[in-house]
Peer 1: 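Okay, handing you the structure first.
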Amino acid sequence: MKNLDDFEEEIYKCSRCGLCQTVCPVYKVTLNECSVSRTKFNMLNGIIKGDLSLNKRILEYMDMCLGCNACKEFCPSNIDAREIFTAVKAQYYKQHHTVFSSYFLFKTILLSAKYGLLLYRFLKFDKITEFLSGKTKSKLLKRILLANTLARKNATEKIKAEIQKEKTKKAVYFKGCFNKYLNNDSETAVKNIFLNTDIELIEPDFECCGISHLSSGYEKEFVKLAKHNLKLIPKDCDYIITDCASCAYVLKSYDKYVSSNIKDRIVSVLDLLKNAKITVKDRPLTITAHKPCHDESGFIELIKKIKNAIYIEAENFDKCCGFSGKFAIAHSDISREISKRKAQDFLKTGAGIILTNCPACKLGINQGFIELGNKKPQVLNVIEFIAKYCTVEF
Ligand code: SF4
Ligand code: SF4
């Protein structure tokens, strides 16, 4: 990974015009100038010149960022703030050890969450907390309610189709840690749909793509994860598919950190449906969508073409939902306020279903509706929606 000094020229390009301030979701909520790229670049300039040191305080400012890259999109100098802040964090952690960088710890938390959710559902805590939600506005309860969206039973029908086509292509399915540990709704949907194609799905035992480690600056552990995952990909597979926009983004960036030849074979599961005829089965449904910051699949165009689905575009549909890994925990109040504003935009559409293609964004949108206290529309991964409500002709 590059060092801060490698970005000296890039940072120098900042004219302090302030356009990044107008689009930064964190600034919009906090009105704190330190959350804006240009101010962070001022700090980094100070470090490059030797006036400041890269310390914990500076790191906290770098962490006060969702990595949404809205600022890059609007920046006249096209400065990639996300890349710079990530590199600065990685530089800091090269010199300062933290126990939080350990993947072992991360996996332990995921496994605990997995079994915790099973117990939660078994004890019917989801029903109890839903009941209590009408009686109290407790902040703690709101946080617990988010677990209900993960603890509910798989909403997608179990696989029942027979294998109908001869398999002529091979795809490795990278299901990501949400499917593996927390809620496998979209995994079931992917398998349902691909049973009827000529593509054979292979499922090696992948670990997390590493997005949380990468964006936190835990480069060493991220590289270990990338190497583990890459070793499991057979050379002869035609595609590496994923149903998560963030996994796709990170897998495509592996070659920046380790030698890999997978970039051209990584596709969103939705890319493979682009030429299919998709029709809502029963009555027409009104849908809207949230485009994750990492999405490159262009899925909005796909859902606009679904027959019998009425798409209504939400204001700010392509702006961050506020639920970005560590940020959602460390800056929970800001994260929840950003999500709430998103939920308000969705409400205005009147749509009963919100589609996206990232499980963290599903949580972000649900978090927003919990904050609003409204009865929420269904929030589904596009692939879940297709498996649940549509017929697909390839
Ligand atoms: S938009 Fe770009 S050039 Fe303008 S202040 Fe922000 S980072 Fe600097
Ligand atoms: S990446 Fe997003 S959250 Fe971070 S500074 Fe830029 S606009 Fe703000």
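Order of appearance sets the numbers: ligands from 1, and atoms from 1 within every ligand. Keep in mind that this is a model prediction, so the values were computed, not measured.
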Peer 1: Which atom names give the shortest non-hydrogen contact between L355 and I287, and what distance separates them?
Peer 2: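 Of all heavy-atom pairs spanning L355 and I287, the closest is CD1-CD1, 4.0 Å.
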
Peer 1: Would you mind telling me which of V267, I266, I202, D264 makes a side chain to side chain contact (heavy atoms under 4.5 Å, CB included) with I240?
Peer 2: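 Of the listed options, the one satisfying the test is I266.
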
Peer 1: Within a 6.0 Å radius of atom OH on Y12, are there more than 12 heavy atoms belonging to other residues, nucleotides or ligands?
Peer 2: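 Count not over threshold, so no.
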
Peer 1: Can you name the atoms of ligand 1, numbered from 1 with element, that are less than 4.0 Å from a heavy atom of P76?
Peer 2: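 Listed by number with element, the hits are 1 (S).
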
Peer 1: Which distance, rounded to the nearest 0.5 Å, do you find between the CD1 of I312 and the CD1 of I354?
Peer 2: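 So the gap between those two atoms works out to 11.5 Å.
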
Peer 1: With atoms numbered from 1 as shown, which atoms in ligand 1 lie under 4.0 angstrom from a non-hydrogen atom of L19?
Peer 2: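 What qualifies from ligand 1 is 1 (S).
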
Peer 1: Just jot down the ligand 1 atoms closer than 4.0 angstrom to any heavy atom of S15, in number order.
Peer 2: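 By the 4.0 Å cutoff, the relevant atoms are 3 (S), 8 (Fe).
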
Peer 1: Keeping waters out of it, list the protein N, O or S atoms under 2.8 Å from atom 8 (Fe) of ligand 2.
Peer 2: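 C24 SG, with waters left out.
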
Peer 1: Just jot down the ligand 1 atoms closer than 4.0 angstrom to any heavy atom of C14, in number order.
Peer 2: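 The atoms of ligand 1 under 4.0 Å from a heavy atom of C14 are 3 (S), 5 (S), 7 (S), 8 (Fe).
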
Peer 1: How far is atom 1 (S) of ligand 2 from its nearest protein heavy atom, and which residue and atom is that?
Peer 2: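 Scanning the protein heavy atoms, the shortest distance from atom 1 (S) of ligand 2 goes to N69 N, 3.2 Å.
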
Peer 1: Roughly how far, to the nearest 0.5 Å, is the OG atom of S216 from the CE atom of M62?
Peer 2: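 Answer for the CE-OG pair, M62 versus S216, is 14.5 Å.
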
Peer 1: Of the protein's non-hydrogen atoms, which lies at the shortest distance from atom 2 (Fe) of ligand 1, and what is that distance?
Peer 2: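 The answer is C75 SG, 2.3 Å.
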
Peer 1: Report, in ascending order of atom number, the atoms of ligand 1 lying under 4.0 Å from any heavy atom of F41.
Peer 2: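 It comes down to these atoms of ligand 1: 7 (S).
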
Peer 1: Without placing hydrogens or testing angles, list every side-chain donor-acceptor pair under 3.5 Å for residues 316-329, not counting sequence neighbours.
Peer 2:
from, atom 1, to, atom 2, distance (Å)
N316, ND2, D345, OD2, 3.0
S324, OG, L66, O, 3.2

Peer 1: Is the distance between the ring centroids of F222 and H213 under 6.0 Å?
Peer 2: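 No.
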
Peer 1: Hey, could you give me the CD/CG distance between E371 and L145, rounded to the nearest 0.5 Å?
Peer 2: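 Taking CD in E371 and CG in L145, the distance rounds to 10.0 Å.
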
Peer 1: Parallel, tilted or perpendicular: which fits the ring planes of F206 and F174, with parallel below 30° and perpendicular above 60°?
Peer 2: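 It falls in the tilted class, 30° to 60°.
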
Peer 1: With atoms numbered from 1 as shown, which atoms in ligand 1 lie under 4.0 angstrom from a non-hydrogen atom of R16?
Peer 2: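 Counting from 1, the qualifying ligand atoms are 5 (S), 8 (Fe).
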
Peer 1: Can you confirm whether more than 12 heavy atoms, excluding those of R57, are under 6.0 Å from its CZ atom?
Peer 2: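 Atom CZ in R57 is not crowded, with 12 or fewer foreign heavy atoms closer than 6.0 Å.
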
Peer 1: Atom 4 (Fe) of ligand 1: which protein heavy atom is closest, and how many Å away?
Peer 2: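 Checking every protein heavy atom, the shortest distance to atom 4 (Fe) of ligand 1 gives C17 SG, 2.3 Å.
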
